[in-house]
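Here the structure is a predicted model, which is why all the values come from computation and not from measurement. Chain identifiers are assigned alphabetically (A, B, ...) following the order of the sequence lines, protein sequences preceding nucleic acid strands; residue numbering begins at 1 within each chain.
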Number of protein chains: 2
Amino acid sequence: MARPPSVQDDELYDRLAEVFRTTGYEGASLGALAESTGLKRASLYHRFPDGKAQMAEAVMGRVERLFQDLLEPMRTDPDPRTGVMRTAERISAFYGGGLLSCVLDTLPLSGAPEGVRRRAAQVAEVWISAMADVARRGGRSPEDARAAAEDAFAWAEGGLVYGRLFDDGAPFRRALARLPELLLG
Amino acid sequence: MARPPSVQDDELYDRLAEVFRTTGYEGASLGALAESTGLKRASLYHRFPDGKAQMAEAVMGRVERLFQDLLEPMRTDPDPRTGVMRTAERISAFYGGGLLSCVLDTLPLSGAPEGVRRRAAQVAEVWISAMADVARRGGRSPEDARAAAEDAFAWAEGGLVYGRLFDDGAPFRRALARLPELLLG
DNA sequence: GTCTATAAAGAGATAGAC
DNA sequence: GTCTATCTCTTTATAGAC
């Protein structure tokens, strides 16, 4: 049985994520990952025998677990609109009000191993399908709900692209502020 | 052994752009740039004595010139709505219907020189302010026009993020299809 | 588990022949 | 203008001490 992820591990993953997030997969050198975590390169290899690819996949696993928490209100609040608003708040905070890059954007560039790219798509799918689900519960057809969820994802991710270019999180925050209307009409 | 003749400048920039676009700045190795252009590494240094940073800036200059052409209908068509639709068509084609990554997203990650990041923001600003201009001509207040243009940029860029993750350009194309409504109400 | 040391390959960049 | 050859530094990865 696999060892459950410890808090210690999560802290490590968060520091690795910080590097991958800002530099992408190929830009994230072992040296930078080691410095960010406070471990030496050889120690990282002890934790991740398959090297950088395994570190990136572990980071994607961590992000997926974090998203499960961010998405919880949207999934469980009896009122869809309230749930969407609460999740939007959490997501906005998670991305530093729109000033942090998203690992789903920066990590899966060409050069990243296929497994990393697949994991990134998986996490994005978790997010998008949770939005589509709440849109359906709000009364939209499955097709409309999925399209609205994709649009919401795109708007938010693009807001983060804008944020990185101009150091301004306003477009990202507008996207999240309009999430209820976008998903529920 | 005689080599095939060197490519023209714009052709050269396009081949460099292809590498930067898909891999980001740090992921774009001199070897990959040389292979993509058909030149040897030393020949690239003859054209760009300052190396990779200068190549990336030249690519941004090329992209800016390309955008001037993409944006021309939106700027000059007497009917704002027709102009926006024509520019949207051109932009959609430029990005392969939503399946190509955008250099404005992938190039300015951490690790890219400050000059490259500045150039990327400059090109994005050209695009966004052209959209804000047409929105104003369509009757919106300067503040609304700017915000709508930023939102349109974000939606489109995020559509490309989705396209890269899922190999599906539909969200990007939806964003462009809604450009008239987004900018002109 | 973490470290130092080091190997092996790849990176950016330069010199000089043609 | 393009090439081959080379330099130097960085990067990934491994070996082995503690």
Exercise. Is A/W155 close to A/R178 at the side-chain level, that is, under 4.5 Å between some pair of heavy atoms?
Worked result: yes
Exercise. Would you say the side chain of A/F166 lies within less than 4.5 Å of the side chain of B/I128, judging by non-hydrogen atoms?
Worked result: yes
Problem set entry | Distance test, side-chain N/O of A/Y45 to OP1/OP2 of D/dA13, below 4.0 Å | yes
Exercise. Out of B/D77, B/L71, B/V84, which one pairs with B/V134 under the side-chain contact (heavy atoms from CB on, under 4.5 Å) rule?
Worked result: B/V84
Exercise. For A/K52 and D/dT11, what is the distance between atoms NZ and C1' respectively, to the nearest whole Å?
Worked result: 8 Å
Seminar exercise, completed: B/R41 has its side chain closest, among D/dT6, C/dT2, C/dT6, to D/dT6
Exercise. Which of these, A/L30, A/V116, A/T37, A/D50, sits in a side-chain contact (heavy atoms from CB on, under 4.5 Å) with A/M55?
Worked result: A/L30
Exercise. Would you say A/L33 and A/R15 make side-chain contact, with heavy atoms under 4.5 Å?
Worked result: no
For this session: May I ask you to verify if any side-chain N or O of B/S43 is less than 4.0 angstrom from the OP1 or OP2 atom of D/dG1?
Result: no
Problem set entry | Separation of atom CG in B/D50 from atom C1' in C/dT14, rounded to whole Å | 13 Å
For this session: Can you sort out which residues in residues 14-40 of chain A have a heavy atom within less than 4.0 Å of DNA chain D? Ascending by number, please.
Result: A/A28, A/S29, A/L30
Exercise. Does the side chain of A/L184 reach to within under 4.5 Å of the side chain of A/R137, using non-hydrogen atoms?
Worked result: no
For this session: Mind calculating the distance between CZ (B/R47) and P (C/dT14) to the nearest angstrom?
Result: 18 Å
